[in-house]
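Some notes on the structure that comes next.
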Amino acid sequence: MSIVITGATGQLGRHVVEALLQRNVPAAEIVATGRSLEKLADFQSRGVQVKPMDYSDAASVANALKGARKVLLISGSEVGQRVDQHRTVIEAAKAEGVELVAYTSIANADTTGMKLAAEHQATEAILKESGIPFALLRNGWYLENYTDQLPGTLAQGALAGSAGDGKVSAASRADYAEAAAAVLIADNQAGRVYELGGDHAFTLAELAREISAAAGKPVAYQDLPAEDYAGLLAGFGVPQAFADILADSDLGIARGDLLVSGSDLRTLIGRPATPMPVAVRSAVAAG
Ligand SMILES: NC(=O)c1ccc[n+]([C@@H]2O[C@H](COP(=O)([O-])OP(=O)(O)OC[C@H]3O[C@@H](n4cnc5c(N)ncnc54)[C@H](OP(=O)(O)O)[C@@H]3O)[C@@H](O)[C@H]2O)c1
């Protein structure tokens, strides 16, 4: 009986496998799955089971879930296809009679109006209708959404967005992954809904100030109408449809859709979440 991680080739999935190993889950009880076994070879060499899984290939999903006790369904990255893909995983988990499916959803899924949330809301509905035991890991924004953009932000001397004075409770992928591992290891998780985000929400103006202080260069937050921000992103090569979704997500931040109250993340990981200034400073130091 095993713990199956979907999307284990991705950044969050890799952190989750590491977090399970760190928490002394025997490697042989972890099944890391993904479309490319090559990307999982390092885990295999450490005794983790690896199996191919493409969310769009029901046979591969069913095969990868054989013998699963618990499953972490990491939401896919192919926006527009995810509801059917996630349904395939949920149906296979049901057929296998798993003890728990934990799903990485989005913060405030009950109330958020962000376009990006629609596929998460649909997946949550499928989980509820399925009748299987499930837990919701409603992840807030990643700090890396910002720190990964640092070279461009510093080159421009500006952090652009459409979030106004809205606050975002961002946290690091590693922290969300630790929370997922904690849920997978714990008993009695069916029915649990976790709203996960950093301990201290911040505005994008505050983020810009922190980047500026860490890098010793002027960086100002430039608030733009959503259309202009989407246009700017498209100009940098982001596909227009995704640029629109990102600009819409900033409007969500302005409304408070990515503001997480409570302390679910801190409680699950047993320590404060990595603060934004720490993440910014280590990203600046890493160059
Ligand atoms: N909270 C946030 O700020 C935020 C930001 C971005 C994304 N997300 C969501 O969180 C998820 C995990 O984040 P991440 O940083 O780990 O993203 P990531 O690095 O892009 O990883 C996405 C994972 O999904 C897998 N995947 C995509 N389509 C698949 C398919 N058809 N079959 C099987 N696997 C598939 C990818 O596999 P391959 O390696 O084969 O591509 C990869 O393992 C994302 O997929 C997205 O839903 C959240």
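Ligands are counted one by one from 1 in listed order, and the atoms in each one are counted from 1 as well. Since we're looking at a predicted model, the values are computed, not measured.
At least one N/O-N/O distance between K39 and ligand 1 falls below 3.5 Å. When only interatomic distances are considered, the shortest N/O to N/O separation between T9 and ligand 1 falls below 3.5 Å. At a 3.5 angstrom cut-off on N or O pairs, S36 does not count as close to ligand 1. On a distance-only criterion, H120 and ligand 1 share no N/O pair closer than 3.5 Å.
Less than 4.0 angstrom separates some heavy atom of G7 from each of these atoms of ligand 1: 43 (O). With ligand atoms numbered from 1 in the order given, ligand 1 contributes 1 (N), 2 (C) to contacts under 4.0 Å with heavy atoms of G140. Listed by number with element, the atoms of ligand 1 under 4.0 angstrom from any heavy atom of G76 are 44 (C), 45 (O), 46 (C), 47 (O). Against a heavy-atom cut-off of under 4.0 Å, G10 is close to the following atoms of ligand 1: 16 (O), 19 (O), 21 (O), 42 (C), 43 (O). Under a 4.0 Å criterion applied to the non-hydrogen atoms of D54, ligand 1 contributes the atoms 30 (C), 31 (N), 32 (N), 33 (C).
Between H120 and Y103, the ring-plane angle classifies as tilted under the 30° and 60° cut-offs.
More than 12 heavy atoms of other residues, nucleotides or ligands shown are found within 6.0 angstrom of CD on Q81. In the displayed structure, Q240 atom CD is contacted under 6.0 Å by more than 12 heavy atoms of other residues, nucleotides or ligands. Counting heavy atoms of neighbouring residues, nucleotides and ligands inside a 6.0 Å radius, atom CG of D165 does not exceed 12 of them. Residue-environment remark: CD (E38) stays at or below the threshold of 12 foreign heavy atoms within 6.0 Å.
At the shortest separation from atom 16 (O) of ligand 1 among protein heavy atoms lies L12 N, 2.7 Å. Among all protein heavy atoms, the one lying closest to atom 33 (C) of ligand 1 is M53 O, 3.4 Å. Protein heavy atom at the shortest distance from atom 28 (N) of ligand 1 is R35 NH2, 3.3 Å. Closest to atom 20 (O) of ligand 1, if we only count protein heavy atoms, is S77 CB, 4.2 Å. The single protein non-hydrogen atom nearest to atom 9 (C) of ligand 1 is S75 OG, 3.6 Å, given as residue, atom name and distance. Scanning the protein for heavy atoms near atom 15 (O) of ligand 1, the closest one is R173 NE, 2.6 Å. In terms of protein heavy atoms, atom 10 (O) of ligand 1 is closest to Y142 OH, 3.1 Å. In terms of protein heavy-atom proximity, atom 30 (C) of ligand 1 is closest to Y55 CD1, 3.5 Å.
If you chain together hydrophobic residues whose side chains sit under 4.5 Å apart, L265 and Y146 never meet in one group.
The pair D175-R271 counts as a salt bridge, with a side-chain nitrogen and a carboxylate oxygen less than 4.0 angstrom apart. With respect to the salt-bridge test (charged N to carboxylate O, under 4.0 angstrom), the residues E78 and R35 qualify. For the pair E178 and R23, the salt-bridge criterion is met [side-chain N within less than 4.0 Å of a carboxylate O].
Of all the heavy atoms of Q11, the ones lying under 4.0 Å from any atom of ligand 1 are found in both the backbone and the side chain. At a heavy-atom cutoff of 4.0 Å, ligand 1 is contacted by the side chain of I74 but not by its backbone. When non-hydrogen atoms are compared, ligand 1 lies under 4.0 Å from the side chain of N145 (C-beta onward) but not from its backbone. Residue Q85 touches ligand 1 through its side chain alone, judged by heavy-atom distances below 4.0 Å.
For Y176 and H15, the ring centers sit 6.0 Å or farther from each other.
Applying the side-chain contact (heavy atoms from CB on, under 4.5 Å) test between S212 and each of L207, L154, V219 identifies V219 as the sole match. The only option from D264, D257, D110 that meets the salt bridge (Lys or Arg N to Asp or Glu O under 4.0 Å) definition with R138 turns out to be D110.
Under a 4.0 Å heavy-atom criterion, E144 is not in contact with ligand 1.
The main-chain N or O of V16 is never found under 3.5 Å from a side-chain atom of Q22 such that the two would form a donor-acceptor pair.
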